[in-house]
Amino acid sequence: MDRGVGLIPVGILALTALSLAQAPPAQAPSPGGWRTPDWNKPPVTAANRKPAPRRNLTGMWAPADGAGGGTQAQGIPLKPNNGKPENALPYTPYGLELYKSHHALEGFDAVLPTEDNDPRNRCEPLGVPRSNHYNVRLTQIFQDDYKVLIAYEYDNRWRVIWTDGRQLPKVVDAGVDVGGEIREPRFFGYSVGRWLDDYTFQAETVGAMPDDRVWLDSTGRPISEKVHVTETFRRTDADTLVWSETIDDPKIYTRPVETMRMPMRLHDPRTDIQEYYCSPVEQENYNKLFGSGASSKGAP
Amino acid sequence: MSTARFVVSVIAVALSLSASLAAHHGAAAFDVGKKVVLKGTVAGWIYSNPHCLLSLDVVGEDGKVVRWIAEGQAPNVVYPAGYRKDSFNFGDQVTITVEPVKNGRPMGRILSAVLADGTTLGVANSSGTAPQPTR
């Protein structure tokens with residue numbers, strides 16, 4: 001089992017790199033000590049690049065391309081849903097029918113707000129992989145000897161990727177088979193991970209919720225309980241992490257689909273994260289004041 | 001009620017609004033590329049999820065008051081652009097530029113705002129560009 005360098009030092013160089021990686025920047029707005037996100041960081045260049053720490057993902061991360069870099073309004077970044085043939089996904093017949101039944105507010109086939117059936121708008125959990133494709137902003141990663149924990153900004157959701165050597169469950173019709181015991185499907189599935197090398201961590205996830213509960217992205221692309229999600233987190237330097245994802249869902253897609261390669265930038269670990277959530281009460285109020293009127297067919 | 005003049009200018013320019021602007025509900029309801037400039041009196045400002053909402057009473061050229069509802073993104077998204085819970089207060093005279101909805105109702109999303117104290121704020125939406133693939 002691999003261990004985090006933050007717990008077991010492996011050398012002066014690695015320790016130095018870690019301390020550099022975790023050193024807070026000198027300047028950031030901090031009214032009353034409540035540090036706000038710094039969305040205007042200078043780019044990482046050859047002149048300021050520092051080495052990545054060994055086997056360590058810990059940090060406050062956010063899209064390197066800025067506050068809107070992880071919005072993904074047009075769906076998975078490597079295949080935006082814009083009607084272009086090169087971005088069409090390889091649907092199975094069932095997957096295509098499922099896509100057509102989804103009425104999304106984003107993408108090439110977007111509908112008006114009153115016509116959508118996005119589970120997000122009923123405040124359903126997004127789960128995995130959609131949490132990776134919905135307004136990714138400040139994302140905290142913690143790790144210890146047994147697990148990596150990812151805390152998403154949206155809806156204060158978190159997930160665990162176990163690194164203690166346990167096996168990835170086997171997907172079965174009723175959910176997953178864990179050592180001969182049938183377990184229930186989960187929004188965030190069952191995840192295990194391992195280090196492929198000193199700077200590349202791989203996570204695999206199965207056991208997602210069925211396809212009538214979750215979507216792949218905000219454009220209504222589907223995903224099913226058969227999905228196998230493979231993510232890699234590659235430290236390219238002290239300040240940069242490249243988060244990649246490939247989905248393999250034979251019920252929905254005829255072949256695996258690489259969905260994202262998102263560079264993430266290290267932020268000050270003291271940054272305060274504003275709440276960003278789905279509240280049925282606030283959602284209803286919004287629809288009453290704006291959403292319903294904005295999407296009606298004509299002026300009153 | 002304010003006597004603020006109603007100023008509307010519809011400018012059919014390509015705003016190059018990126019996809020990142022349409023984070024919550026899509027762009028289908030909006031007349032993308034149009035701008036409407038509104039000067040009026042603040043009737044309310046809700047700083048909440050999924051969108052912040054500004055109620056603005058605007059006096060038209062016919063002397064009638066029209067209440068516009070203008071939305072911004074959620075607080076965490078608009079905060080970096082300078083929008084705060086107390087940016088708009090009841091009775092403030094402000095000017096906003098919105099992208100209107102298609103159906104002609106007095107609704108839109110905030111592109112910029114000039115507050116009562118003269119402070120100018122930018123797009124009340126996400127900012128940034130789509131991430132580039134990196135290997």
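Chain naming here is simple, since letters A, B, ... match the order of the sequence lines and numbering starts at 1 in each.
- By the 6.0 Å contact criterion, OH on Y277(A) is enclosed, its count of non-hydrogen atoms from other residues, nucleotides or ligands being greater than 12.
- Side-chain contact between Q274(A) and V77(B): absent, with no pair of heavy atoms (C-beta onward) separated by less than 4.5 Å.
- The candidate from D118(A), L289(A), L138(A) with the greatest count of non-hydrogen atom pairs under 4.5 Å with chain B is L289(A).
- In this structure, the side chain to side chain donor-acceptor pair (under 3.5 Å) partners of T200(A), at least two apart in sequence or on a different chain, are D197(A).
- For E284(A), the CD atom counts as loosely surrounded, since its 6.0 Å shell holds 12 or fewer non-hydrogen atoms of other residues, nucleotides or ligands.
- Here the straight-line distance linking atom CG of N49(B) with atom CG of N285(A) works out to 12.0 Å at 0.5 Å rounding.
- Of the N and O atoms on the side chains of E275(A) and N76(B), not one donor lies less than 3.5 Å from an acceptor on the other residue.
- Summarising the geometry, atom NE2 belonging to H51(B) is positioned 12.0 Å from atom CD belonging to E282(A); distances are rounded to the nearest 0.5 Å.
- When the side chain to side chain donor-acceptor pair (under 3.5 Å) test is applied to N40(A), no partner is found at least two apart in sequence or on another chain.
- Within a 6.0 Å radius of CZ in R122(A), more than 12 heavy atoms belonging to other residues, nucleotides or ligands are found.
- Here the closest heavy-atom approach between residue Q283(A) and residue P50(B) is recorded as OE1-CG, 3.7 Å.
- Counting all heavy atoms, side chain and backbone alike, A294(A) lies closest to A29(B) at O-CB, 3.6 Å.
- The two residues F290(A) and I69(B) have their closest heavy-atom pair at CE1-O, 3.4 Å.
- The minimum heavy-atom distance linking P80(B) with R137(A) is given by the pair CG-NH2, 4.4 Å.
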